[in-house]
Amino acid sequence: MDDLQTLVNEIHQEIAARTERGKVADYIPPLAEVDPAHFGIAVTTVDGQEFVAGDADTPFSIQSVSKVFTLTLALGMVGDRLWNRVGREPSGTPFNSIVQLEREEGKPRNPFINAGAIAVADVLLAGHQPKETIGEIVQFVRFLAGDDSIVIDQRVARSETETGFRNVALAQFMRAFGKLDHPAEHVLGVYFHHCALAMTCRQLSRAGLFLAAGGYNPATGRSVVSRGRARRINALMLTCGHYDGSGDFAYRVGLPGKSGVGGGILVVAPGKASIAVWSPGLNENGNSLLGSQALEMLAQRTGWSIFGA
Ligand code: GLU
């Protein structure tokens, strides 16, 4: 598998030479301050090998990539009843859209738009204080990655809490429609904190490995979810993981993936590998510009598309 190391090195070099790097998220200072020159890639194969290049060991704010982990936890808690609370259709709207939520009476389209992740956070709060739920999410991500050093960036969490007016609006709106069981402040506390998880590409690719290996994490030897559930989470990532850019990502990369405004993307090549990339500059849909390009190169050169080699 030396080839794979050669390939990630090549991708790193080609990406480093690009001058158009996209625009770093600037809605909170800790994200606005991140140097757009960063680029990291980590590939963890289902047989446990790792291939990394660039800033693969630099922690970054995983933001919406965390929604894959909260979705997995919520499905574990309530199973298919989750779909009474949130849909599973692509939204075709920006990640923080309010218009669609009004038309659909407070039931979010899918678990990966902000409103949907807020509904998932509400499910995770059942019987818990926000602090306990946040602690469980962190423990779960550590368990998935086999790494107890993973933490929440408290500065990011604070900034999100201070300026997340649109998310406050979404949560209050859902509450007005009777779609939240807990006070909006509690639900948002959970949401803002899981978005503020800081992880490296290497940790993220390890944490996603169970989705590439039928629900079982070969690196830690632990079973996480059933094969069918892993397949369904992958389906949601493919159709909804890149907001309004999900169609384009499927067209270009052809693999399930979830992006975050921190510039990270977690991608699953079923039966092959879990991949994490990070480049902070975003494209017009709020997805990592160079991260998407790197994944396009990887998918093309490995033939890992789910639509055929
Ligand atoms: N914390 C961000 C927000 O709620 C997450 C968005 C994202 O990563 O796409 O606006």
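For this chain, numbers begin at 1 and follow the sequence in order. For clarity, every value in this text was computed on a predicted model and none was experimentally measured. Counting starts at 1 for both ligands and their atoms, following the listed order.
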Cut-off 3.5 Å, no hydrogens considered: what does the side-chain donor-acceptor table look like for residues 28-41, sequence neighbours left out?
from  : atom 1 : to     : atom 2 : distance (Å)
Glu33 : OE1    : Arg155 : NH1    : 3.3
Glu33 : OE1    : Arg155 : NH2    : 3.3
Glu33 : OE2    : Arg155 : NH2    : 3.1
Asp35 : OD1    : Ala37  : N      : 2.9
His38 : ND1    : Asp55  : OD2    : 2.9

Pairwise side-chain contact, Leu101 with Ile113, heavy-atom cut-off 4.5 Å (strictly under)
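In short, these two side chains do not touch, never coming nearer than 4.5 Å.
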Determine, for Arg301 against Glu10, whether the closest basic-nitrogen to carboxylate-oxygen distance falls under 4.0 angstrom.
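Counted as a salt bridge, because a side-chain N and a carboxylate O are separated by less than 4.0 Å.
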For ligand 1, give me the residues whose heavy-atom distance to it is below 4.0 Å, by chain and number please.
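Close residues (ligand 1, cut-off 4.0 Å): Tyr27, Gln63, Ser64, Phe95, Asn114, Glu160, Asn167, Tyr191, Cys195, Tyr243, Gly260, Val261.
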Which residue pairs pass the side-chain hydrogen bond (donor to acceptor under 3.5 Å, both in side chains) test with at least one member in residues 275-284, sequence neighbours excluded?
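Qualifying pairs: none.
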Scan Val86, Val123, Val68, Thr72 and name whichever one has a side-chain contact (heavy atoms from CB on, under 4.5 Å) with Pro111.
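Answer after filtering Val86, Val123, Val68, Thr72: Val86.
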What residues form a salt bridge (Lys or Arg N to Asp or Glu O under 4.0 Å) with Arg175, not counting sequence neighbours?
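Residues passing salt bridge (Lys or Arg N to Asp or Glu O under 4.0 Å) with Arg175: none at all.
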